[in-house]
Amino acid sequence: MKTPILIAAIFFNGLTFAQEKKSDSVKTQNIEGVTITKQVFKKQSDRFVYDVAASPVTKGNTTFDILKQTPLLSSTDDKTLKIAGKNNALIYINGRKTNMDADSLVQFLKNTPAENIQKIEVITVPGSEFQVESSDGIINIVLKKKMSDGTSGNMRMSNSQNKFNSSNASFSVNYRKDKLGISANLSGSENIQPQSYVLKNGTDLVKNESVGDINDPNKNIGGYLNIDYQLNDKSNLALSWNSWANKSYNSTIDLFNTLTEYNTNGSLKKTTYTKTQNKEDARNYNNSVNLNYEIKLDSLGSKFNANAAYLNYRRFQYSDNRTLVPGKFNDYSTIGKQIIQNIPQVINNFSGTVDYIQKFKNDFTVSIGGNYNKTKTDNDTKNYTTVFTDENQELLPAPEYSEAPNHFIYDENIYGAYLTLEKKFSDKFSGKVGARYEITNSLGTSDNASPEYSRIERNYNNLLPYLSLNYAINDKNNISYAFSSRMRRPSFWELNPVRNYISEYNYTQNNPFVKASSTYNQELTYMYKNSYFLILNHSYVKDQITQVPLQGYVKSLDGKISEQNMLRYIRTNFGDKQEMSAMVGIQKTLFKQYLTMSFNAGVQHNINNGTLAVDPTTGDTFVDIDGKELVYTNKVKSTSLVITSNNTLRLDKKKTWFLGVNFFYVDKQQIELGMLKNLMSLDLSIKKNWNDWTFAVNLNDVLRTNVVEIEDYQNNGNYNYIKNDMYRRSVTVSLTYSFGNQKVKKVRDIEAASDAIKNRTK
């Protein structure tokens with residue numbers, strides 16, 4: 001992941017409105033079955049269910065397109081999905097979390113046709129049987145179960161144009177014969193992800209501005225192979241393999257930097273110009289294999305499930321960051337400073353899970369299970385810095401060279417167990433109570449870094465309770481309440497103590513000292529006629545993990561002060577945060593199914609409470625020009641309006657032409673980096689179904705209003721401004737073809753043991 005993209009990702013971490021993360025994998029209990037229903041949208045005891053098969057919007061769309069149009073879900077960056085009131089949305093397919101990192105998962109969803117989806121389940125407060133983190137919610141995509149032997153599949157091709165052109169293609173096939181079921185997918189894409197940046201920071205006396213572009217070429221290829229064999233009427237054995245590869249060579253950052261210094265009387269002291277040129281080559285590979293055994297114990301649905309899995313994730317990144325000075329001919333061909341980085345990361349994970357579900361005749365279910373994850377990350381980072389000019393941009397007699405290697409190894413063991421009790425007391429009232437107990441032992445070591453990195457050991461255990469109550473007042477009114485407690489462990493890349501340079505004095509800093517944070521979630525839901533809903537949500541995060549901008553003149557532990565104002569985006573624990581939201585919505589089909597509409601509107605209130613004065617990775621403090629210590633503070637409260645509207649209009653009686661009109665608006669709100677200005681986007685689409693073919697044209701961000709701007713003023717005089725344009729206005733043309741026996745049935749749905757670890761590789 002490119003450095004500025006890391007910064008851009010934090011912009012959306014503060015949005016609890018439905019949007020990738022990012023991001024990744026979680027172990028879950030098998031979510032049973034497919035029940036075709038005439039109700040397109042309804043509330044079950046612990047989840048919302050959107051019956052995609054009963055909706056006219058599916059054919060010809062991708063899975064990602066359908067998810068963006070699902071009630072309570074949306075995306076503001078066309079990469080990450082979020083659930084209203086949640087920090088993150090984890091993607092499951094048939095109750096199993098996909099074993100892909102965030103970028104790979106997005107490409108997979110955008111290359112997978114949506115015709116095979118039966119329903120989408122939105123689990124806003126997951127139960128104890130789900131090993132999720134923080135305030136994460138779950139999006140479970142339930143595929144159709146079809147009835148006869150044979151072969152079926154589909155092919156899809158698309159081409160998109162924004163600043164650059166991109167192409168995508170996918171091929172999926174399902175085969176069923178007697179007791180054997182095989183499903184496979186192969187997809188690939190090629191694109192250049194463009195971004196433009198305006199970065200401003202400083203004080204009244206020192207102002208720095210960086211303006212320029214980022215172009216990130218990507219080639220992706222991947223897929224999966226699932227083989228499932230029915231041993232007998234009660235037991236199955238399955239082997240699943242997932243693979244994805246990304247190549248991003250010649251990714252470039254080009255910035256023009258202006259440093260302006262003023263005297264205390266306000267007069268201009270000095271203006272310095274430089275250019276930043278960063279070239280990066282990166283590639284990553286993601287492979288996982290899972291062996292599953294399941295046996296049914298009785299006719300009520302009791303069963304035993306066991307998984308063993310291995311996951312290997314490898315990323316290799318080489319970057320050459322150069323600061324160019326005007327030189328004698330003012331052509332910026334002279335290198336002032338060069339920073340070369342080699343940042344590999346290798347992750348190996350062995351996982352195992354067991355689940356036992358016992359169902360009784362009186363609508364009482366007991367679920368008990370455990371999991372074990374052993375993860376080792378190897379980060380052999382090397383940094384080479386060469387200084388060619390002095391502070392006045394004059395060439396040095398001999399370049400100054402320094403090397404800063406850091407071989408950081410992180411070992412982690414997680415032991416978990418859960419117990420869940422679920423009871424249907426009557427046709428109106430049901431409840432679910434449970435708890436997870438987790439033990440985490442981790443050790444980070446470095447053989448060639450400063451002493452504080454040599455051994456970082458953390459051992460902790462947590463009891464995480466869960467409660468859910470659901471009451472159907474009558475056939476039209478339903479009310480439910482849920483509470484959960486969760487941990488948020490840092491991702492592996494967050495722990496790797498490396499710097500990713502944007503410019504010479506502006507970089508991101510990961511932090512091996514980050515500790516797990518705690519989250520407490522509450523949600524109250526009212527639903528009327530399975531079409532209208534009200535959701536009240538509250539989340540409290542203790543020791544939240546985020547990215548904090550520290551800037552000023554750097555004062556090291558030995559008392560030395562830098563000659564240049566610097567800005568560091570540091571990953572760390574940063575105080576506490578509360579998020580509250582109230583949302584009303586409607587999901588309804590009108591005018592004899594000519595119009596399908598989904599509308600959500602709500603208010604979100606954020607309370608931030610954090611301060612940071614010291615770089616936790618070095619002990620450095622930041623001071624102003626007079627030597628006074630600078631502290632970054634975010635204790636701002638904000639209230640914002642959130643609106644989404646997704647509408648599909650059928651244009652003919654034969655159900656072959658469809659017009660889509662989708663819109664979202666997110667009012668300005670305070671996040672960790674400052675005040676995020678409002679975002680909105682209008683998307684239009686036209687679709688034609690013809691036999692087994694579907695043609696579609698999508699126009700995204702028609703008004704070009706989905707551009708990120710963040711502004712932050714500190715009481716100490718520090719100022720920070722970021723404008724990030726990802727060129728989201730685009731046009732996409734796609735062609736989809738479905739072939740074969742469309743009644744092919746998968747043998748069953750399988751969950752993987754390594755799912756719980758994947759969400760932390762990115």
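Just so you know, these numbers come straight off a predicted model, no measurement behind them. Heavy atoms only: backbone and side chains are in, while hydrogens, waters and symmetry mates are out.
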Visitor: Report the distance from atom CE of Met580 to atom OG1 of Thr639, rounding to the nearest 0.5 Å.
Guide: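 Here the rounded value is 8.0 Å.
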Visitor: Could you tell me if the side chain of Tyr313 sits less than 4.5 Å from the side chain of Asn349, heavy atoms only?
Guide: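 Not touching, per the 4.5 Å side-chain cut-off.
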Visitor: Quick check: closest heavy atoms across Ser128 and Tyr418, and the distance to 0.1 Å?
Guide: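 Shortest heavy-atom separation between Ser128 and Tyr418 comes out as O-CB, 3.7 Å.
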Visitor: If we count only N and O atoms by modelled type, under 3.5 Å, do the side chains of Thr440 and Arg458 hold a donor and an acceptor together?
Guide: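 Note: Thr440 and Arg458 side chains miss the donor-acceptor criterion.
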Visitor: If I take atom OG from residue Ser235 and atom CD from residue Gln230, how far apart are they, to the nearest 0.5 angstrom?
Guide: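 With rounding to 0.5 Å, OG (Ser235) is 8.0 Å from CD (Gln230).
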Visitor: With heavy-atom distances below 4.5 Å as the criterion, would you say the side chains of Ile357 and Leu297 are in contact?
Guide: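 With C-beta onward as the side chain, the pair stays apart.
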Visitor: Once the angle between the rings of Phe483 and Tyr520 is folded into 0 to 90°, is it parallel (under 30°), tilted (30 to 60°) or perpendicular (over 60°)?
Guide: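 Parallel, since the angle between the ring planes stays under 30°.
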Visitor: Decide yes or no for Lys637 and His605: does some side-chain heavy atom of the first lie under 4.5 Å from some side-chain heavy atom of the second?
Guide: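 Lys637 reaches His605 side chain to side chain.
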Visitor: Leu536 and Ala582: which non-hydrogen atoms are nearest, and at how many Å?
Guide: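 That closest heavy-atom pairing would be CD2-CB, 3.5 Å.
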Visitor: Verify the neighbour count for atom NZ of Lys296: are there more than 12 heavy atoms of other residues, nucleotides or ligands below 6.0 Å?
Guide: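 Count not over threshold, so no.
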Visitor: Are Ile545 and Glu494 packed together at the side-chain level, in the sense that at least one heavy-atom pair is separated by less than 4.5 angstrom?
Guide: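 Counting from C-beta outward, Ile545 and Glu494 do come under 4.5 Å.
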Visitor: Could you walk me through whether Glu129 and Tyr466 pass side-chain hydrogen bond (donor to acceptor under 3.5 Å, both in side chains), step by step?
Guide: CA-CA 10 Å; Glu129 66 272 27; Tyr466 169 83; over 6 Å; no
Visitor: Looking at Thr525, Ile123, Thr70, Asn530, which one forms a side-chain contact (heavy atoms from CB on, under 4.5 Å) with Phe48?
Guide: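 Only match with Phe48 under side-chain contact (heavy atoms from CB on, under 4.5 Å): Thr525.
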Visitor: If we count only N and O atoms by modelled type, under 3.5 Å, do the side chains of Ser240 and Asn290 hold a donor and an acceptor together?
Guide: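 There is no such pair (donor and acceptor under 3.5 Å, judged by atom type) between the side chains of Ser240 and Asn290.
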Visitor: Please evaluate residues Val366 and Phe360 with respect to the criterion side chain to side chain contact (heavy atoms under 4.5 Å, CB included), reporting the C-alpha separation (whole Å), side-chain torsions for both, the decisive distance (0.1 Å), and the verdict.
Guide: CA-CA 8 Å; Val366 178; Phe360 299 91; 3.9 Å; yes
Visitor: Hey, could you give me the CG/CG distance between Asp355 and Asn305, rounded to the nearest 0.5 Å?
Guide: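 Rounded to the nearest 0.5 Å, the CG-CG separation comes to 5.5 Å.
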Visitor: Donor-acceptor check, side chain of Ser302 to backbone of Lys359, threshold 3.5 angstrom: yes or no?
Guide: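 Yes.
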Visitor: Are Thr596 and Gln587 close enough that some pair of their side-chain heavy atoms sits under 4.5 Å apart?
Guide: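 Contact flag for Thr596/Gln587 side chains = yes.
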Visitor: Could I get the full list of ring-ring contact (aromatic ring centres under 6.0 Å, His included) partners for Phe429, not counting sequence neighbours?
Guide: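 Only Phe425 meet the ring-ring contact (aromatic ring centres under 6.0 Å, His included) criterion with Phe429.
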Visitor: Could you give me the CA-CA distance, side-chain angles and deciding distance for Thr375 and Ile347, then say whether side chain to side chain contact (heavy atoms under 4.5 Å, CB included) is met?
Guide: CA-CA 7 Å; Thr375 307; Ile347 301 174; 3.8 Å; yes
Visitor: Which distance, rounded to the nearest 0.5 Å, do you find between the CZ of Arg489 and the OG of Ser442?
Guide: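 So the gap between those two atoms works out to 9.5 Å.
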Visitor: With a sphere of 6.0 Å drawn around CG of Asn461, does it hold more than 12 non-hydrogen atoms of other residues, nucleotides or ligands?
Guide: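 Atom CG in Asn461 is crowded, with more than 12 foreign heavy atoms closer than 6.0 Å.
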Visitor: Please confirm whether the backbone N or O of Lys234 pairs with a side-chain atom of Asn232, one donor and one acceptor, at under 3.5 Å?
Guide: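 A pair under 3.5 Å: yes.
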Visitor: Taking all non-hydrogen atoms of both residues, which atom of Gly431 and which atom of Leu469 are closest, and how far apart?
Guide: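 Minimum heavy-atom contact is CA-CD2, 4.1 Å.
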Visitor: To the nearest 0.5 Å, how far apart are CD1 in Ile182 and CD1 in Ile227?
Guide: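 If I round to the nearest 0.5 Å, the distance is 5.5 Å.
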Visitor: Would His538 and Gln578 count as a side-chain hydrogen bond (donor to acceptor under 3.5 Å, both in side chains) if you check the C-alpha gap in whole Å, the side-chain angles of each, and the deciding distance to 0.1 Å?
Guide: CA-CA 7 Å; His538 177 267; Gln578 293 188 69; 2.9 Å; yes
Visitor: What distance separates Lys428 NZ from Asn478 CG, expressed to the nearest 0.5 Å?
Guide: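 Spacing of NZ (Lys428) from CG (Asn478) equals 11.5 Å.
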Visitor: Using a cut-off of 6.0 Å, state whether more than 12 heavy atoms not belonging to Asp233 lie near its atom CG.
Guide: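 Atom CG in Asp233 is not crowded, with 12 or fewer foreign heavy atoms closer than 6.0 Å.
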Visitor: One pair to check against salt bridge (charged side-chain N to carboxylate O under 4.0 Å, His left out): Lys374 and Glu412. What are the steps and the verdict?
Guide: CA-CA 6 Å; Lys374 179 176 179 58; Glu412 181 184 81; over 6 Å; no
Visitor: Here's a test for you: under side-chain contact (heavy atoms from CB on, under 4.5 Å), which of Asn236, Leu231, Val354 qualifies with Tyr293?
Guide: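 Checked Asn236, Leu231, Val354 against Tyr293; only one passes side-chain contact (heavy atoms from CB on, under 4.5 Å): Leu231.
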Visitor: Heavy atoms, side chains only, cut-off 4.5 Å: are Phe364 and Leu421 in contact?
Guide: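 Answer yes - side chains close enough.
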Visitor: Before you tell me yes or no, could you show the steps for Phe350 and Tyr310 under ring pair (Phe, Tyr, Trp, His ring centres under 6.0 Å), namely the whole-Å CA-CA distance, both residues' side-chain angles and the distance that decides it to 0.1 Å?
Guide: CA-CA 5 Å; Phe350 296 91; Tyr310 170 69; 5.0 Å; yes
Visitor: Side chains of Tyr540 and Asp576 only: does a donor on one sit below 3.5 Å from an acceptor on the other?
Guide: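 Yes, because at least one side-chain N or O of Tyr540 sits under 3.5 Å from a partner of the opposite role on Asp576.
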Visitor: I'd like to know if the side chain of Asn606 pairs up with that of Gln604 as donor and acceptor (distance under 3.5 Å, no hydrogens or angles considered).
Guide: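 A donor-acceptor contact under 3.5 Å links the two side chains.
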Visitor: Is the shortest side-chain heavy-atom distance between Glu438 and Tyr415 below 4.5 Å?
Guide: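 Sidechains of Tyr415 and Glu438: no contact.
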Visitor: Kindly say whether Lys515 contributes a backbone atom to a donor-acceptor pair with the side chain of Asn573 at under 3.5 angstrom?
Guide: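 The answer is yes, because a donor-acceptor pair under 3.5 Å joins these two groups.
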Visitor: Grab the two heavy atoms, one from Leu495 and one from Pro490, that are nearest each other, plus how far apart they are.
Guide: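 That would be CD2-CG, 3.7 Å.
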Visitor: Counting only N and O atoms by type, is there a donor-acceptor contact under 3.5 Å from the side chain of Arg176 to the main-chain atoms of Asp178?
Guide: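 Checking the backbone N and O of Asp178 against the side chain of Arg176, a donor-acceptor pair under 3.5 Å is found.
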Visitor: Please give me the minimum heavy-atom distance between Tyr460 and Ala516, naming the atom from each residue.
Guide: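 Nearest heavy atoms, Tyr460 then Ala516: OH-CB, 3.6 Å.
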Visitor: Can you see which heavy atom on Arg486 is nearest to which on Gly127, and at what distance?
Guide: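 Scanning both residues completely, I find the closest heavy atoms to be NH2-O, 2.6 Å.
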Visitor: Kindly indicate, with the supporting measurements, whether the criterion side chain to side chain contact (heavy atoms under 4.5 Å, CB included) is fulfilled by Val122 and Leu73.
Guide: CA-CA 8 Å; Val122 181; Leu73 304 183; 4.2 Å; yes
Visitor: Step by step, would you call Ser480 with Tyr526 a side chain to side chain contact (heavy atoms under 4.5 Å, CB included)?
Guide: CA-CA 7 Å; Ser480 62; Tyr526 168 72; over 6 Å; no
Visitor: Are Asn537 and Thr124 close enough that some pair of their side-chain heavy atoms sits under 4.5 Å apart?
Guide: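 Asn537 vs Thr124: side chains apart.
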